[in-house]
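All remarks here apply to the structure that follows.
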Amino acid sequence: MSVREIVAAVCIIIGLFVFLCSILGVYRFKYVMNRIHAAALGDTMGIFFVVLGLLILGQDIFHMAKYVLIILFFWLSSPIATHMIAKVELLTNKDCEERMKDR
Amino acid sequence: MSENKSFWQRLKSWIDGEEILIDADKYISTRERKERVSYEKAVSMERLRSNSTLYRVLCVAITVIFIAVMLRVVIDLPMFGDPNGVTVNEVGQRYLEQGIEETGAINFVAGMILDYRAFDTFGESNVLFMAVIAVLMLLQRDKKNTSAAEDQEMAEDEVFDSQDSKLILKKGAKCLAPVVILYGIYVVLNGHLSPGGGFSGGSIIGAGLILYSAANGQKKMQTFFTIKTLTRISVACLLTYCGCKSYSFFTGANHVGWEIPKGTPGAILSSGFILPLNICVGLVVACTMYGFYALFTKGEV
């Protein structure tokens, strides 16, 4: 195993660990606001580390460019979707802050 | 003549929901009240749940029965990769060996669904179109027949849409929607060369349209995409598909004598009818996706 493969493996494992945390969080928390915090973690940081690992393993420049585009797409779309869900919840639920406190 | 006209007017008002029964009181009093049989008491999930051991035993028993039935079926299936199995026959072999030569498509799946089995795909596109027309009939908001509460709700929605700036979503959609739609067009046009094709590319285009509509509001979407556009595009695509495949049908399904040029496999303009058929299917799917979204959210496209 070369150094490149080891670095890539470490990156992918970190990404999978982040995904594990995010899945645990989605089941652990009871309220939407707390849950989307956990869910968005996997969609941004988890995707970033997994794709970074694949990027290090990438063979030619076109593969790497595609991976960069995947990260860009997820980082654009996922936070915006999370933001919209949070906004709707904030606008429609009056006792939102109290619900956030009960774990 | 006057009676006929009044009948027409009555029918019209009845359809618009304005008809009031004249002898309403009499009508109601003559009807007898039926004794309600309370099924809820007899077969109540609540009661079953409160009896927790029985509930658990029943759950496990039903699940085990289902698993047993499924596993029994699996035993009778041919083994995976079995050379004598029913799935390994001359049809698949012919597709793989002579597919490129006969259809001109490098993507075998496109060659299969849009050349060998094109009538099947035609039926699928028709199902999509009929589904969107049925949803349109059921859910489209009737402008003559709305209650005051609904009107007020619509007005509030519009005020909210216009005043709420949605800056982040708008900027995001401005970056993403054109790219998403462009990618969908690429997938549709490259259907015979790479994985993808009409159905997947069309749903990507539909997702792009939905993103644009969610960010900029239905009003702005209606400047270029109304219900007329939707029906016209869908019907034109289905008729084109029908025309292309009728041609194949009347020339004996093999285009004997009236060959469509196949081109060199791998070029973008190749493989006969597959490219135009992919475009037709893609447009129908995109229109259906966006139509469903618009009708379920606002009740109009």
Side-chain angles (χ1 to χ4, degrees), chain A residues 22 27 30-52 54-55 57-97 99-100, chain B residues 149 152-187 190 193-196 200-201 203-218 220-221 266 289-290 293-294 296-298:
Chain A
S22 121
Y27 282 98
K30 302 266 186 305
Y31 184 55
V32 189
M33 291 296 209
N34 300 334
R35 270 196 207 161
I36 55 174
H37 178 209
L41 193 72
D43 271 358
T44 49
M45 202 171 151
I47 285 277
F48 174 72
F49 276 111
V50 169
V51 178
L52 188 69
L54 296 173
L55 193 69
L57 282 180
Q59 297 297 326
D60 61 61
I61 192 77
F62 275 107
H63 277 146
M64 295 180 181
K66 279 177 194 168
Y67 289 135
V68 172
L69 279 180
I70 290 174
I71 294 182
L72 209 66
F73 182 81
F74 270 95
W75 278 17
L76 259 177
S77 60
S78 164
I80 292 173
T82 312
H83 164 78
M84 291 313 291
I85 296 172
K87 193 174 175 184
V88 169
E89 178 63 23
L90 202 64
L91 285 176
T92 52
N93 200 346
K94 274 173 193 156
D95 51 344
C96 167
E97 298 220 350
R99 291 287 311 276
M100 268 188 262
Chain B
Q152 200 195 344
E153 201 173 296
M154 286 302 298
E156 278 171 4
D157 264 11
E158 253 163 46
V159 167
F160 185 75
D161 267 355
S162 58
Q163 288 188 347
D164 182 33
S165 58
K166 293 195 280 191
L167 193 66
I168 296 175
L169 181 60
K170 266 183 191 168
K171 293 275 179 200
K174 211 174 195 174
C175 301
L176 281 182
V179 181
V180 171
I181 293 175
L182 191 68
Y183 178 61
I185 292 170
Y186 160 78
V187 171
N190 261 319
L193 302 178
S194 60
S200 36
S203 45
I204 296 171
I205 297 176
L209 289 177
I210 290 172
L211 180 61
Y212 184 87
S213 163
N216 294 316
Q218 210 112 345
K220 191 156 183 191
M221 197 73 189
M289 291 268 296
Y290 177 68
Y293 166 78
F296 277 115
T297 49
K298 296 260 175 168

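The chains referred to below are lettered A, B, ... by the order of the sequence lines, with proteins before strands, and numbering in each begins at 1. Only heavy atoms go into these numbers, but all of them, side chains included; no hydrogens, no water, no symmetry mates.
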- Whether over 12 other heavy atoms sit under 6.0 Å from A:Leu91 CG: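 Yes, CG of A:Leu91 has more than 12 neighbouring heavy atoms, counting only those of other groups under 6.0 Å.
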- Message: I'd like to know whether OH of A:Tyr31 has more than 12 heavy-atom contacts from other residues, nucleotides or ligands below 6.0 angstrom.
- Response: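 Yes, enclosed.
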- Under 4.5 Å heavy-atom distance to chain B, tell me which part of A:Leu69 shows up: side chain, backbone, both or neither. neither
- Item | Structural part of B:Val179 lying under 4.5 Å from a heavy atom of chain A | neither
- Measure distances from B:Leu176 to the heavy atoms of chain A and classify the residue's part below 4.5 Å as side chain, backbone, both or neither. side chain
Can you check whether chain B and chain A share any donor-acceptor pairs under 3.5 Å, and give the atom names and distances if they do?
unit_1	atom_1	unit_2	atom_2	d
A:Lys87	NZ	B:Asp164	OD1	3.2
A:Lys87	NZ	B:Asp164	OD2	3.4

- Which residues share a side chain to side chain contact (heavy atoms under 4.5 Å, CB included) with A:Val51, sequence neighbours left out: A:Ile47, A:Tyr67, A:Ile70, A:Ile71
